[in-house]
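Everything quoted here is computed from the prediction, not taken from an experiment. Throughout, a chain's letter reflects where its sequence line sits, starting with A, and its residues are numbered from 1.
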Number of protein chains: 2
Amino acid sequence: MENRLDRIKKQLHTASYKLTPQREAIVRVLLEHEAEHLSAEDVYLYIKEKSPEIGLATVYRTLELLTELKIVDKINFGDGVSRYDLRQEGAKHFHHHLVCIECGSVEEIQEDLLGEVEEIVEKNWHFQIIDHRLTFHGICRRCQEKATGGEKNKKAASI
Amino acid sequence: MENRLDRIKKQLHTASYKLTPQREAIVRVLLEHEAEHLSAEDVYLYIKEKSPEIGLATVYRTLELLTELKIVDKINFGDGVSRYDLRQEGAKHFHHHLVCIECGSVEEIQEDLLGEVEEIVEKNWHFQIIDHRLTFHGICRRCQEKATGGEKNKKAASI
DNA sequence: GTTTATGCAAACGATTTGCATCTAC
DNA sequence: GTAGATGCAAATCGTTTGCATAAAC
């Protein structure tokens, strides 16, 4: 974990960006909450606990910076908020997501399942693929089990 | 085309929504600009040419309505604007998109290329898929040709 | 006639920006 | 010392909402 932080710091340095405590704090929060899909506001609130003087604008600016450097990926599940996801180290491609339309949970698939599909697209559409976004909308395992158990929970979350 | 409009009108009627001229105008615009990926503002401007008294709020409300009825799909390419795409008649799934990071053009893939991938996901992740969003980011054919100084690549894109 | 839809303007929330101040280098 | 980064507040932009009026049924 410490290694990973250091490597990100080096990336910033290499790209000649200054290493401010705010930037470090933001990266730390992302590392500590890797499984969640934090919005800028989420990151801001986490940091505020320890460093109350940070500004939301700085969070936005830093997240944009990290997106440019391909350290994080900016995703949008259609709810009007951008979320920021640490990219797996060395990952060429963005991972996939499973969004539950019942409970809103988001699961990640790290494997790249699109190899064959991309070959087809590159060949038949003459499109040179650089990255992809794949999200499945459906019912997660927990909600499936809930549904078959008792037909009560109906907290629809439409996208 | 006229048939399609009528069928959509019937869908509205069946769901007991009123058939207002505004709603019809919005559907017409969507039908006339099927290849584009119109934002609410785009739709608004197109309609304004012929019916200047329409309000932007009505456009938003109608597009939301059409999304609920699964007549259109709401997409987001990450530029902060929602776009609305007519769904192919009878399509169970959302079509795929090819977004060019050079020129910003958006191409559509109507075929469903995810059959096998979805089987894998349902089986290995126990996730019941209802719909999907798949977007490839890369370089479109035209921009590739531009980059290589006009290298010819005449193979037909057939499937 | 009742219910639903509309248009307008105001409200809203997420994100961006201008600017004076600060800080990493 | 200087270029770049920050914090704050104000501005911006897409979208939603309240409400009185109008139109579809």
Side-chain angles (χ1 to χ4, degrees), chain A residues 6 8-29 37-69 72-84 157-159, chain B residues 8-29 37-48 50-69 71-84:
Chain A
D6 286 344
I8 292 175
K9 282 162 79 172
K10 186 169 288 181
Q11 271 186 273
L12 278 173
H13 187 258
T14 305
S16 42
Y17 288 111
K18 291 182 176 166
L19 243 68
T20 67
Q22 291 91 334
R23 283 177 180 166
E24 183 168 336
I26 289 165
V27 172
R28 271 182 198 282
V29 166
H37 295 79
L38 302 178
S39 65
E41 185 89 28
D42 294 336
V43 173
Y44 174 65
L45 292 175
Y46 275 128
I47 292 180
K48 234 181 173 184
E49 292 172 9
K50 295 182 180 172
S51 322
E53 71 288 351
I54 198 163
L56 182 53
T58 299
V59 175
Y60 274 104
R61 283 188 279 233
T62 301
L63 289 172
E64 199 199 326
L65 177 61
L66 294 173
T67 304
E68 264 168 39
L69 295 178
V72 306
D73 274 308
K74 191 175 178 180
I75 12 167
N76 197 305
F77 292 130
D79 58 350
V81 201
S82 290
R83 297 172 184 284
Y84 300 83
S158 82
I159 297 239
Chain B
I8 292 176
K9 281 162 79 171
K10 185 169 286 180
Q11 270 186 273
L12 278 172
H13 187 259
T14 305
S16 41
Y17 287 112
K18 290 181 179 170
L19 243 67
T20 67
Q22 291 91 333
R23 284 177 179 166
E24 183 168 336
I26 289 166
V27 172
R28 271 181 198 283
V29 165
H37 295 78
L38 302 179
S39 66
E41 186 89 29
D42 293 336
V43 173
Y44 175 64
L45 292 175
Y46 275 128
I47 293 178
K48 216 145 201 216
K50 294 181 179 172
S51 322
E53 70 289 351
I54 198 165
L56 183 54
T58 299
V59 174
Y60 273 104
R61 282 188 279 234
T62 301
L63 288 172
E64 198 197 326
L65 177 62
L66 295 173
T67 304
E68 265 168 39
L69 294 178
I71 293 166
V72 304
D73 274 308
K74 191 176 178 179
I75 13 167
N76 199 304
F77 292 129
D79 58 351
V81 202
S82 290
R83 296 171 185 284
Y84 299 85

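- Rounded to whole Å, atom C1' of dG13(C) lies 14 Å from atom CZ of R83(A).
- Look at CD on E68(A): it is 14 Å from C1' on dT16(C), rounded to the nearest Å.
- The two residues L69(A) and A15(A) have their closest heavy-atom pair at CD2-CB, 3.9 Å.
- Among the nucleotides dA5(C), dC25(C), dT15(C), the one closest to the side chain of K18(A) is dC25(C).
- Nucleotide dT23(C) holds its P atom 15 Å from the CZ atom of R23(A), rounded to whole Å.
- Contacts of P52(B) with the nucleic acid, taken as non-hydrogen atoms under 4.0 Å apart, are absent.
- To the nearest 0.5 Å, atoms CD1 (I75(A)) and NE2 (H37(A)) are separated by 4.5 Å.
- Once rounded to the nearest 0.5 Å, the distance linking OG of S51(A) with OH of Y44(A) reads 11.5 Å.
- For the pair S82(B) and L19(B), nearest-nucleotide mapping onto DNA chain D gives the more 5' position to S82(B).
- Boundaries of the chain B contact region on DNA chain D are dG14(D) to dC25(D), first to last in 5' to 3' order (nucleotide atom under 4.0 Å from a heavy atom).
- The CD atom of E64(B) sits 12 Å away from the P atom of dA5(C) (whole-angstrom rounding).
- Taking both residues in full, the closest heavy atoms of I26(A) and T58(A) are given as CD1-O, 4.1 Å, listed atom of the first, atom of the second, then distance.
- Per the geometry, CD belonging to E53(B) stands 11 Å off C1' belonging to dT6(C), to the nearest Å.
- Taking every heavy atom of both residues into account, Y46(A) and L38(A) meet most closely at CE1-CD2, 3.7 Å.
- Residues from residues 56-63 of chain B that place a heavy atom under 4.0 Å from any atom of DNA chain D, listed by number: L56(B), A57(B), Y60(B), R61(B).
- Taking CD1 of I8(B) as the reference point, atom CG of L19(B) lies at 11.0 Å (rounded to 0.5 Å).
- Minimum interatomic distance between L56(B) and A40(B) (heavy atoms only, all atoms of both residues): CD1-O, 4.2 Å.
- Distance L65(A) CG to dT15(C) P: 17 Å, rounded to the nearest Å.
- Nearest heavy-atom pair, V81(B) versus S39(B), reported as atom, atom and distance to 0.1 Å: CG1-CB, 3.6 Å.
- At the phosphate of dA14(C), neither OP1 nor OP2 sits under 4.0 Å from any side-chain N or O atom of S39(A).
- Across the helix from dG1(C)-dC25(D) to dC25(C)-dG1(D), the helix axis at one end is tilted relative to the axis at the other end by 40° (nearest 10 degrees, each axis from five pairs).
- In terms of phosphate contacts, Q22(A) brings no side-chain nitrogen or oxygen within less than 4.0 Å of OP1 or OP2 of dA24(C).
- For the atom pair NZ of K48(B) and CD of E41(B), the computed distance is 9.5 Å after rounding to the nearest 0.5 Å.
- Distance CG (L12(A)) to C1' (dA24(C)): 13 Å, rounded to an integer number of Å.
- Using modelled atom types, one side-chain atom of R23(B) and one backbone atom of K18(B) make a donor-acceptor pair closer than 3.5 Å.
- The shortest side-chain heavy-atom distance between L65(A) and Y17(A) falls under the 4.5 Å cut-off.
- A 4.5 Å side-chain heavy-atom check between R83(A) and D42(A) finds at least one atom pair inside the cut-off.
- Each of E41(B) and G55(A) was matched to the nucleotide of DNA chain D holding its nearest heavy atom; the match closer to the 5' end belongs to G55(A).
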